Amino acid sequence: MNTTPTCFALSHTPEGVAHLMLNRPEAMNTMHPTFWRELDEVLTKLHTEGTARALVISSTGKHFSAGMALETFSGAIAMDDQSPEGRAAIFDLLTDMQATFTKIENLRFPVICAIQGGCIGGAVDMVTAACIRYATADAFFCIQEINIGMVADVGTLQRLPKLIPFAVVKEMAYTGRRLPAARALAYGLVNEVFDTPEAMLAAALQCAKEIASKPPIAIWGTKQAVTYARDHSVEDSLRQMGWLQGAIWSNAHVRESIGAMKEKRAGSFTPLSALQPFKALG
């Protein structure tokens, strides 16, 4: 990134945990083109560097995020429905927006979202792409798009049915009702509910620290396997698992993990390799 982001604050711990914080509470951390661009740049940087071993995404203020900034639809984003060419451009615009949240899902390390207050509209699209979700007792999830006359279009309707019962997704998507934290926990959308944002963030960072203590390549392989299994048959997933394990197996990592466990010390593992885009070579 060339400049310091305005919508986020990024920090790192010595253990390899990256912490990305939405930091525009005065605007309820709404999403607009600058938000999208900065998030895409941060995720790309973390993905290519290879130094982060886990990522925590948290927020500030009363609400995690109120979703898309409504003024965006009348300003920065022109949704031309007057011609087939204009409507085709909507497809390409949405594909570009979807790709940013898909980067959360495709990062080479796990992502934990810490959610307080409202997680509304586009924020649901965002957190459903994460691996783990923690919430405060006052948190709620709302597919707000139906309340403003549109279909949720950046990932919620595709990922949420993989996380909670289908009928619950339909109820939320058709009515725009809020799903409170207690029900989200019961359905498995969130892993745990906390009384305060401070306790929630501490738990998220602790979980990320535990993840960061494992061999990064084993975490990478585990994320690859579980994501693939979600969308494929057991037979296909077992075959993929064989290829994957054969590609990344390390006797040294197993020995070090067992030795560290026995000796009650932190393990020492090779970080992921930095990535360099092909177009940047030469």
Side-chain angles (χ1 to χ4, degrees), residues 5 7-31 35 38-39 42-43 46 52-67 101 103-105 107 109-144 155-156 159-160 162-164 168 172 177-214 219 222-223 226:
C7 300
F8 304 91
L10 178 65
S11 59
H12 299 266
T13 72
E15 297 85 4
V17 174
H19 180 195
L20 184 64
M21 184 170 59
L22 283 63
N23 66 353
R24 295 185 68 246
E26 73 285 354
M28 293 194 291
N29 296 296
T30 49
M31 302 173 173
F35 177 102
E38 291 182 353
L39 178 62
V42 168
L43 295 174
L46 291 171
R53 299 187 176 193
L55 170 64
V56 172
I57 299 177
S58 70
S59 192
T60 52
K62 184 178 180 181
H63 298 296
F64 179 80
S65 172
F101 287 165
K103 284 187 177 183
I104 295 174
E105 189 171 68
L107 285 174
F109 41 83
V111 179
I112 303 169
C113 282
I115 303 155
Q116 87 283 2
C119 182
I120 300 165
V124 179
D125 295 299
M126 181 178 178
V127 304
T128 53
C131 301
I132 297 168
R133 285 159 292 277
Y134 290 157
T136 54
D138 68 345
F140 64 87
F141 302 82
C142 176
I143 303 178
Q144 178 73 356
T156 289
R159 294 189 174 99
L160 197 56
K162 307 284 188 177
L163 300 170
I164 66 175
V168 178
M172 293 176 66
R177 292 176 182 172
R178 296 179 176 185
L179 180 73
R183 285 185 65 198
L185 177 64
Y187 292 137
L189 178 58
V190 299
N191 295 64
E192 194 169 348
V193 172
F194 299 85
D195 291 334
T196 67
E198 293 78 15
M200 172 186 62
L201 181 57
L205 290 169
Q206 176 59 33
C207 181
K209 182 179 178 181
E210 292 177 31
I211 292 169
S213 72
K214 317 298 183 186
I219 292 292
T222 300
K223 186 174 182 182
V226 296

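Fair warning: this is a prediction, and the values are worked out from it, not measured in the lab.
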* Asked: Closest heavy-atom contact between S65 and L22?
  -> CB-CD2, 4.2 Å
* **Sub-4.5 Å side-chain heavy-atom contact between L179 and L189** => yes
* Asked: Can you pull the salt bridge (charged side-chain N to carboxylate O under 4.0 Å, His left out) pairs that have at least one residue in residues 178-191, sequence neighbours excluded?
  -> E171-R183
* Start with the C-alpha gap between L55 and L46, add the side-chain angles, then the distance that decides, and say whether side-chain contact (heavy atoms from CB on, under 4.5 Å) holds. => CA-CA 9 Å; L55 170 64; L46 291 171; 4.1 Å; yes
* Asked: Do the side chains of I115 and V127 get nearer than 4.5 Å, heavy atoms only?
  -> yes
* To do: Inspect the surroundings of NZ in K162 and state if more than 12 heavy atoms from other residues, nucleotides or ligands are less than 6.0 Å away.
  => yes
* Structure fact -> For L39 and F101, the nearest pair of non-hydrogen atoms, with its separation, is CD2-CE2, 3.7 Å
* **Side-chain touch L205/I112, heavy atoms, less than 4.5 angstrom** => no
* **Under the side chain to side chain contact (heavy atoms under 4.5 Å, CB included) test, residues paired with D138 that sit two or more places apart** => T136
* Is there side-chain contact between M126 and I57, with at least one heavy-atom pair below 4.5 Å? -> yes
* Asked: Using 30° and 60° as the class limits, which term best fits the ring planes of F194 and Y134: parallel, tilted or perpendicular?
  -> perpendicular
* Mark yes or no for whether N23, through its side chain, and S59, through its backbone, hold a donor-acceptor pair below 3.5 Å. => no
* Under 4.5 Å between any side-chain heavy atoms of I132 and C207, yes or no? -> yes
* **Q144 side-chain N/O to G67 backbone N/O, donor-acceptor pair under 3.5 Å** => no
* Mind running side-chain contact (heavy atoms from CB on, under 4.5 Å) on I164 and M172 for me, showing each step along the way? => CA-CA 11 Å; I164 66 175; M172 293 176 66; 4.1 Å; yes
* Got a second to check how far E198's CD is from D195's CG, nearest 0.5 Å? -> 11.0 Å
* Begin from the C-alpha positions of H12 and V17 and carry the test side-chain contact (heavy atoms from CB on, under 4.5 Å) through to its verdict. => CA-CA 6 Å; H12 299 266; V17 174; over 6 Å; no
* Which atoms form the tightest heavy-atom contact between P197 and Q116, and what is the distance? -> CG-CB, 4.4 Å
* Is a side-chain donor or acceptor of K214 paired with a backbone partner of I219 at a separation under 3.5 angstrom? -> no
* pair F141-I120: side-chain heavy atoms closer than 4.5 Å -> no
* **side-chain contact (heavy atoms from CB on, under 4.5 Å) between V193 and M200, intermediate numbers included** => CA-CA 8 Å; V193 172; M200 172 186 62; over 6 Å; no
* side chain to side chain contact (heavy atoms under 4.5 Å, CB included) partners for A27, two or more places apart -> R24, T30
* Asked: Counting only N and O atoms by type, is there a donor-acceptor contact under 3.5 Å from the side chain of K209 to the main-chain atoms of T13?
  -> no
* What pair of heavy atoms forms the shortest contact from G61 to P25, and how long is it? -> CA-CB, 3.7 Å
* Asked: More than 12 foreign heavy atoms under 6.0 Å from CE of M28: is that the case here?
  -> no
* To do: For the residue pair L10 and P5, establish whether any side-chain heavy-atom pair is separated by less than 4.5 Å.
  => no
* Closest approach of L160 and I143, non-hydrogen atoms and distance? -> CD2-CD1, 4.0 Å
* If you round to the nearest 0.5 Å, how far is SG of C119 from NE2 of H63? -> 11.5 Å
* Structure fact -> Closest non-hydrogen contact found for C131 with P110 is SG-CA, 3.7 Å
* Asked: Are the charged groups of E192 and R133 less than 4.0 angstrom apart, N to O?
  -> no
* Asked: Atom CD of Q206 and atom CG of L201: how far apart are they, to the nearest 0.5 Å?
  -> 12.0 Å
* Asked: Can you find a pair of side-chain heavy atoms, one from S58 and one from H19, that are under 4.5 Å apart?
  -> yes
* Asked: Sub-3.5 Å donor-acceptor pair from the side chain of E38 to the main-chain atoms of C7, do we have one?
  -> yes
